[in-house]
Amino acid sequence: MENTQPATAGRQDPTALPIGILAIAGMTVFAAVFLMAESEAAVGGLLAFAAVAVLGAGKLGLLERVRAAFRDHELTMHTAIVIGALAIAWVFREDHFALLMLTMAMLYLTACLGLNVQLGYTGILNFAGSSFLGVGCYTAAVLTQHTAIPPLVILPLGGLMATIVGSVLILPVLRTRGHYAAVVTIAFAVLFKTFLEVNDSLGGPQGLAVGEMTLFGWGFNSNIEIGDFYASFYMNYFLLALVITILAFALTRRIERSWVGLNMDAVRIDELAASCFGINLARWKITAFMLGNFMIGTAGALLGMILGFIAPTNFTFADSLILLSIVLLGGMGSVWGIALASAIIVMLPEKLQLIQEYRFLLFAALVILVLRFRPNGLLPRADRIYFPGWRPR
Amino acid sequence: MDLALLGQYVINGLMLGMMYALVAVGFTLFFGVLDVIKFSHGDVLMVGAFTGYTTFLGLEAAGVHMPVIQIVLLVIASTVLVGLLGAAIAKYLILPLTNAPALNILLATMMLGTVLREAVRLFFPEGSNPKRFPRLLPDTVIPIGGFDLRVDSLMLLIAGVLVIVAIHTVINRTKLGLAIRAVAQDAETARIMGINFELVVLVTFAIGSAAAAVAGVMNGLYYNEINFGMGLLLGVIGFAAAIVGGLGNIYGAILGGFLFAALQTIGAVALPFASAYKDVFAFAVIISIMAWRPTGLIPEKVSERV
Amino acid sequence: MSEAILDCKGVTRRFGGLVALDTLDLQMPRGAILGLIGPNGSGKTTFFNVLTGIYGFSDGAAAFDGRDITAYSSQEVYRAGIARTFQRSRMCLPLSVFDNIMVGNHKRLDHGLWANVFARKKLRKAFEESYEEAHELVKIFDPPLAERMFEPVAGFPMIDRRRIEICRALISHPKLLLLDEPSAGMTHEETRQLMDDILEVRDRIKDLSIIIIEHEMGVIERITDRCIVLNFGRKIAEGTYQDVANDREVQEAYLGAE
C-alpha cells in the first residue's frame with residue numbers, strides 16, 4: 001500500500017471545494033447542452049465527450065478531489081447542485097418536453113431511493129416497484145376525481161396507500177429468503193397488473209384520468225404567465241418534484257448515516273450474525289419495506305398527476321425491472337449513483353429517438369454488462385460517514 | 001355444470017399443468033446443479049416456439065408438406081437449437097457469475113430474458129405481431145358421453161408425460177444422471193471424484209432448455225398462436241411452480257406446475273362472478289403458500305454452517 | 001462470588017437421528033476461563049449455537065446469571081449478556097471496523113426511527129462517545145488498527161479481523177464471552193499476541209467469564225482455569241488442563257482408540 005497516512009487522519013485539501021464546485025458547474029452546463037442537442041450525432045458526440053471527460057478527470061485525480069469536496073463540504077456541494085438544477089430549469093422554462101423529462105427523472109429517483117432502502121440497505125428484493133408506483137397513481141386518480149382532499153395531502157396518502165397494500169406481503173417477505181422471496185413480489189407484480197385490467201371500477205384496461213395538482217388555489221396544469229414572464233406548466237411540477245426529491249434524498253441519507261442504516265446493512269449482509277447481536281431482523285425488514293413503499297407510492301401519486309392519465313400498461317413487471325435496473329446500474333446503496341442512473345435511464349431514450357425502439361433491449365444488455373463487469377454499479381457506494389466533516393480528535 | 005364443460009376444463013387444466021411442469025422442471029434442474037435461478041427460462045421457451053415455427057416455414061418452402069415429418073423435424077430443430085442456447089447461456093453468462101451474489105444472477109438472467117424477448121420482437125420479421133402456429137396434429141375427436149375429447153390434446157399430454165418420464169429416467173437411471181446428482185449434491189466433491197463439472201452443468205442446462213422448447217412447441221400446437229411475449233408469464237408461472245413445489249426437486253416442480261394450473265382452473269370455475277380474476281386468485285394463493293411454507297411444499301434440505 | 005455464571009444441565013441437541021450434543025452438564029464460576037476441547041465434530045460449536053439460541057435445546061436447560069435462558073432467542077441471549085465470536089469469522093466485510101463494532105454495541109444504542117433521522121444532535125453525541133469507547137478498546141489489541149476505524153474490514157488480514165470480531169463481542173460489556181477457535185488461520189506468534197490481549201481485556205472488564213473452543217493446546221494450557229473435553233457430543237473429562245491431558249480416555253479420543 002502506498003497510502004501510509006491513515007485515512008481518518010488526512011487533512012483537508014484546500015483545492016477540493018473549488019474543484020467540486022467547478023465540477024457541478026460543468027455538469028450543469030453539460031446537462032443543459034445535452035437537453036438542447038437536437039441531432040442524434042450531437043447527442044452521441046456529447047456522450048463520447050462525457051465519457052472522455054470523466055476518464056480524463058479520473059486520470060488527473062480530479063474525481064478524488066470532487067469526492068473530497070463532498071466529504072468535507074457537503075452542504076455547500078448540495079446547495080450548488082440544487083442551484084444547478086434550478087439554473088437548468090430556468091434555461092428550459094418554456095420547454096415542455098425538457099421540463100417533463102427532468103421531472104420524470106426526479107420522480108424515478110425518488111421511487112428508486114425507496115427501492116434502495118429496501119434492496120440496497122436491507123437486502124429485500126422488491127420486484128413489484130412499479131406496482132407500488134401504480135398504487136400511488138391510482139390513489140391520486142381516485143382521490144382527485146371523487147374527493148375534495150387537497151392534492152398536496154394526496155401525495156403522502158398515495159405513499160400511505162402503497163404502504164398499506166404492501167403490508168399484505170410483509171408476512172411472506174419476512175418468512176422467505178432468497179429465491180423464495182423473489183417469487184412473492186414477482187407474483188404480486190403480475191397479480192396487481194392483472195387485477196387492474198379486470199377491475200371495472202378502476203377503469204379496467206382503459207385506465208383512469210388523474211386530476212391536477214393544486215397548491216393554494218393555483219392549478220399546476222396552467223402555464224405560468226406573470227407580466228412578460230412565461231414558463232411552461234411543467235415548471236410547477238418540476239419545482240414540486242425537486243422539493244420531494246430533496247426530502248426523499250435527505251431521508252435516505254439520514255437513515256444510512258445512523259444506527260438504523262447500520263442495522264439494515266447488518267441484516268442484509270449476515271442475518272445470523274446480526275441476530276446474535278440483538279438486531280431484530282423482522283423489525284428492520286418491516287421498516288425498510290414499508291418506508292420504501294411509502295417513498296415509491298408518494299412519487300407515484302405525483303407521477304399520476306403529471307401524466308394526467310394512467311392505465312395498467314404503465315405498471316408492468318418490465319417496468320419494475322427498469323426501476324431495479326436503475327438501482328443496480330447506479331450502485332446498490334449509492335444515492336448519487338442512483339441519481340445518475342435515473343437521469344440516464346429516463347432521458348437517454350428520449351434524446352436518442354434512434355434507440356427509443358430498442359431501449360428495453362439496450363438497457364437489459366447494459367445491466368447485464370454492469371452485473372458482469374462492474375457489479376457495484378457506476379458509482380459504487382462509499383463507506384458510511386455518520387457526520388460529514390467529522391474527524392476523530 | 002355439464003360434463004362437456006367440466007371435461008373441457010379438466011383437459012385444459014391438465015394441458016396448462018403439463019406446460020408449467022415442463023418449465024418448472026428446468027428451473028429446478030438448473031437450481032440443482034448450480035444453485036442459481038435462470039429467469040430467462042420462459043423466454044427460452046418462446047425462442048423454442050419461434051424456432052419450431054421457423055422450421056415449419058422452412059419446410060413448407062422446401063416443399064415438405066407431410067405433417068408427421070414436419071412435426072418431427074420441427075421438434076428436433078427446436079430442442080437441439082434451444083438446448084444449445086441453454087448451454088451457451090450457462091457457459092457465457094451464468095458460470096462466470098457463479099461467485100456473484102444470487103441476486104445478481106437472477107437479475108442478469110431476467111435481463112437476458114428481456115434481451116431475447118426484444119430481439120425476437122425487433123428482429124424476427126413482423127416480430128411484434130402474433131404468429132399463427134400451424135395445426136399439425138389430427139383434429140379428430142373421441143366422443144365420451146357428451147364431451148368431445150380432442151385427439152391432439154391427448155397426444156400433447158402423452159408427449160408431455162413422455163418427456164418428463166424421459167428426464168426422470170436420465171437423472172435416476174443413467175451415468176449422466178448420476179453425475180448430475182453428484183454435482184447437485186456437492187460440486188466440490190464431484191469435481192475431485194473426476195466429474196467434468198462444466199460439462200455436466202452445460203448438459204443439464206441443455207436438457208432443461210430442451211424441455212422448455214418442447215413446452216413452447218406444445219403451447220403453439222395447442223393454441224395455434226405464438227407471440228414474442230408468451231415466455232414472460234410462462235416463465236413467471238414456471239418459476240413460481242418450481243418455488244412453491246420446493247427447489248431442487250423434480251417432483252416438487254411437477255406438483256407446483258399442476259397445482260398452479262389447478263388454481264387457475266378452480267379460479268375460473270369457482271369464481272363465477274369474475275372468472276377474469278383467475279390469475280389474481282392463483283397468484284394470491286401462491287403468495288399465501290409462500291407465507292405458510294416459506295421453503296416450498298417439498299422443502300429442499302438446507303443447512304447453514306455456523 | 002460463589003454463584004455460577006453459567007449452569008447447564010443435560011443440554012442435548014439432536015439433528016434427526018444424530019445426537020450432536022448429549023446431556024452436557026456444565027457449571028462455571030463467575031470470572032472463570034473455561035476451555036472446551038475435543039476432536040472435530042465433537043459438539044463444541046453446537047454447544048455455542050444452542051446456548052446462543054441459534055439452535056433450540058432438544059433437551060436440558062441452561063441458567064445464566066441466575067436466569068433461565070433455555071427458551072431465549074439469539075437476541076435475548078445477547079441482551080442477557082452473552083456475546084460470541086464465530087469459527088469462520090462472520091464480519092460484515094463491506095462495512096468499516098467501527099460499523100462492525102457498533103453492531104456489537106446494539107443494546108446500548110437508541111434505534112428509534114425518529115431519533116435517528118431527526119434528533120441528529122443527540123445521535124452525534126452517542127456516536128462520538130461510542131467512537132471513543134471503540135477506539136480505546138481496539139487500541140488494547142492493536143494501536144495501529146485503532147487509527148483505521150473507518151476502513152472496510154474486507155481490507156484487513158485475518159488477525160485483524162479476529163481482533164475486530166472480539167472487540168465487537170466485548171463492546172457491550174458482556175458477562176460471558178464465547179470464543180470459537182480464535183486462533184484459526186493464525187500463526188503461533190499471532191495467537192500468542194491475541195491471547196495476551198484477551199487476558200489484558202479481561203483484567204479491565206470486571207467479572208468477565210470466557211468459554212474458549214480451541215485446538216491449540218498451548219493456548220488452552222496457558223489461559224484456562226478448567227477444561228471440558230467432548231467426544232461424540234458427550235463430556236468425557238473435566239478438570240484442569242493437566243488433569244484432562246493425562247486422562248486415558250481423552251488421549252484415546254485424540255489419538256484414536258484401538
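- Neither the backbone nor the side chain of F192(A) comes within less than 4.5 Å of any heavy atom in chain B.
- Heavy atoms closer than 4.5 Å to chain A are found in both the backbone and the side chain of I37(B).
- Across S209(B) and H41(B), no two heavy atoms sit closer than the pair CA-CE1, 4.1 Å.
- Contacts between L174(A) and chain B at a heavy-atom distance below 4.5 Å are absent for every atom of the residue.
- Contacts of L233(B) with chain A are made by side-chain atoms alone, with heavy-atom separations under 4.5 Å and no backbone atom involved.
- Between Q118(A) and A288(A), the shortest heavy-atom distance links the atoms CG-O, 3.4 Å.
- Chain B is approached within less than 4.5 Å, heavy atom to heavy atom, by A364(A), A365(A), V367(A), I368(A), L371(A) from residues 363-371 of chain A, ordered by number.
- Of the two parts of L122(B), only the side chain, counted from C-beta on, holds a non-hydrogen atom closer than 4.5 Å to a non-hydrogen atom of chain A.
- When side chains are defined from C-beta on, L232(B) does not count as touching M46(B), because their heavy atoms never get closer than 4.5 Å.
- The minimum heavy-atom distance linking G300(A) with C137(A) is given by the pair O-SG, 3.2 Å.
- Residues F228(B) and F50(B) place their aromatic rings such that the two centres sit no closer than 6.0 Å.
- When each of L321(A), L169(A), L324(A), L171(A) is scored by its heavy-atom pairs under 4.5 Å with chain B, the top score falls to L321(A).
- Partners of A128(A) according to the side chain to side chain contact (heavy atoms under 4.5 Å, CB included) rule, which considers only residues two or more places apart in sequence or in another chain, are N126(A), S131(A), F132(A), T185(A), F188(A), A189(A).
- In this structure the side chain of I345(A) never reaches within 4.5 angstrom of the side chain of Y108(A), judged on heavy atoms.
- Of the atoms belonging to F281(B), not a single heavy atom falls under 4.5 Å from chain A.
- In this structure, no portion of I237(B) lies under 4.5 Å from any heavy atom of chain A.
- Contact record, W284(A) with M264(A): O-CE, 4.3 Å, taken as the closest heavy-atom pair.
- When L107(B), I289(B), I286(B), L116(B) are compared by the number of non-hydrogen pairs under 4.5 Å with chain A, L107(B) comes out ahead.
- Using a 4.5 Å cut-off between heavy atoms, F27(B) makes no contact with chain A at all.
- Interface remark: L362(A) contributes no atoms to any contact with chain B (heavy atom separation under 4.5 Å).
- Contact residues of residues 193-208 of chain A toward chain B are T194(A), F195(A), V198(A), N199(A) (heavy-atom distance under 4.5 Å).
- No side-chain N or O of D43(B) forms a donor-acceptor pair with one of S40(B) less than 3.5 Å apart.
- The shortest non-hydrogen separation linking M332(A) to R381(A) is O-CB, 3.7 Å.
- Across all non-hydrogen atoms, the minimal contact from I338(A) to C112(A) is CG2-CB, 3.6 Å.
- Looking at I287(B), both its backbone and its side chain come within 4.5 Å of chain A, counting heavy atoms on both sides.
- Ionic pairing of E126(B) and R121(B) is not present here: no N-O contact between side-chain nitrogen and carboxylate oxygen is shorter than 4.0 angstrom.
- Using modelled atom types, one finds no donor on one side chain facing an acceptor on the other under 3.5 Å when comparing N219(B) with E225(B).
- Residues Y121(A) and E256(A) have side chains that bring a donor and an acceptor to within less than 3.5 angstrom of each other.
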Show me the donor-acceptor pairs, under 3.5 Å and distance only, between side chains in residues 238-254 of chain B and residues at least two apart or in other chains.
from, atom 1, to, atom 2, distance (Å)
N249(B), OD1, Y251(B), N, 2.9
N249(B), OD1, G252(B), N, 3.0
Y251(B), OH, H168(B), NE2, 2.5

